[in-house]
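To keep things clear, I will list the structure first and then write my remarks on it.
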Amino acid sequence: MQGIITFKGKEKGLEIYLDERSTYPVLREELMEKLKKNQDFFRDSETRVIIRGKKLSEAQRKELRRVFAMDFGIRDVIYGDEADLMREAELKIEKPPEAAHPAARDEYTDEVELVSNAYFDAQSIFLNNTVRSGQRIECEGDIVVIGDVNPGGEVIAGGSIAVFGRLRGLAHAGCAGRKDVCVAAVNMCPKQLRLSGRVVTFPGEREEVHGPEVAELRDGKVVIRPVSVK
């Protein structure tokens, strides 16, 4: 798998080359790993990312744009053909073009299923069921889960997250850069917790911690405190 994704730093951002012979699911998995290892590079939300190489469908392009925006706070993502057109016409594209055939479907099945596509632009989501392994919930506002978030499940919000159950998957609040957010859970034992640009990995012994807790940012650090219920 080594070498199928190439990063090249540019004056105003980053250029990413995707191996043309590799399948999209393999490229996506490797890209996510490399991005997570280089998160410090993306602290500047004005970073521009140009993706070149493998020809992607509109659905695949939209998915990668959504991942950059929700997971890394990067909304200026364009593809090689778009960048070339911009250079030729000396135009600045403020928004990526809409899909020419919005009804078209991908032929692949990814490991993580986005189950909240209809909610992406909502101010909040109220989910009355458990988030299972392989499911991903995204919202630009707040997310409330009446149930558990199982290992392998992902909850990503532009605002805050509240879980009325066991939080054992990934929770990312303030994914677009907001710092006035928090993550609350009846049982806080996630695989990974993210608040704005801060990442916290939990030790296994937190599985034994019981009682509601809330995680929030204080002076740039993630602080977890118990919630008193009377």
Kindly compute the distance separating CD (Glu29) from OG (Ser22), expressed to the nearest 0.5 Å.
11.5 Å
What I'd like to find out is whether the side chain of Leu64 reaches to under 4.5 Å of the side chain of Val77, using heavy atoms alone.
no
Looking at side-chain heavy atoms only, is the closest gap between Arg65 and Tyr79 below 4.5 Å?
yes
Atom CZ in Arg52, atom CD1 in Ile50: separation rounded to 0.5 Å?
5.5 Å
Taking the side chain as C-beta and beyond, is there a heavy-atom pair between Lys54 and Asp19 under 4.5 Å?
no
Do Val163 and Val155 have side chains that approach each other closer than 4.5 Å (heavy atoms only, starting at C-beta)?
no
Contact check, side chains of Arg166 and Cys189, non-hydrogen atoms, under 4.5 Å:
yes
Chi angles and distances behind the side chain to side chain contact (heavy atoms under 4.5 Å, CB included) call for Phe126, Asp142:
CA-CA 9 Å; Phe126 191 93; Asp142 303 320; over 6 Å; no
Check whether any side-chain heavy atom of Phe164 lies under 4.5 Å from a side-chain heavy atom of Asn128, and answer yes or no.
no
Atom CG in Leu193, atom CD1 in Ile161: separation rounded to 0.5 Å?
8.0 Å
Rounded to the nearest 0.5 Å, the CD1 atom of Ile16 sits from the CG atom of Leu27 at a distance of 11.0 Å
Is Lys221 salt-bridged to Asp219, cutoff N-O under 4.0 Å?
no
Between Gly177 and Ser196, the two heavy atoms sitting closest are O-OG, 3.4 Å
Heavy-atom neighbours of Lys191 NZ exceed 12 at 6.0 Å:
no
Nearest non-hydrogen partners of Gly141 and Ala157, listed with the distance:
O-CB, 3.3 Å
Shortest non-hydrogen pair, Ile143 vs Val145, comes out as CG2-CG2, 4.0 Å
Any side-chain heavy-atom pair from Arg136 and Arg66 closer than 4.5 angstrom?
no
Is the count of non-hydrogen atoms from other residues, nucleotides or ligands lying under 6.0 Å from Tyr17 atom OH greater than 12?
yes
Hphob cluster co-occupancy, Val144 + Leu195, side-chain heavy atoms under 4.5 angstrom
no
If you look at every heavy atom in Pro190 and Met188, which pair is closest and at what distance?
CD-C, 3.5 Å
Mind running side chain to side chain contact (heavy atoms under 4.5 Å, CB included) on Lys36 and Val199 for me, showing each step along the way?
CA-CA 10 Å; Lys36 290 175 184 177; Val199 180; over 6 Å; no
Minimum side-chain heavy-atom gap Arg168-Asn187 below 4.5 Å:
no
Within the side chain of Arg132, is there an N or O that forms a donor-acceptor pair under 3.5 Å with the backbone of Asn150?
no
When clusters are formed by joining ILVMFWY residues with side-chain heavy atoms under 4.5 Å apart, either directly or through shared neighbours, do Val214 and Ile146 land in the same one?
no
Could you report the tightest heavy-atom contact between Val183 and Ala173, atom names first, then the distance?
CG2-CB, 3.7 Å
In Å and rounded to the nearest 0.5 Å, what is the CD to NE2 distance from Gln192 to His172?
9.0 Å
Under the side chain to side chain contact (heavy atoms under 4.5 Å, CB included) rule, what do Val222 and Leu217 come out as? Steps first, then yes or no, please.
CA-CA 5 Å; Val222 177; Leu217 282 173; 3.9 Å; yes
I need the Phe68 CZ to Ile51 CD1 distance, nearest 0.5 Å.
4.5 Å
Correct closest heavy-atom pair for Glu216 and Cys182 would be CB-CB, 4.2 Å
Working note: Leu18 + Ile4, criterion side chain to side chain contact (heavy atoms under 4.5 Å, CB included); need CA distance, chi angles, decisive distance, verdict.
CA-CA 6 Å; Leu18 308 181; Ile4 65 174; over 6 Å; no
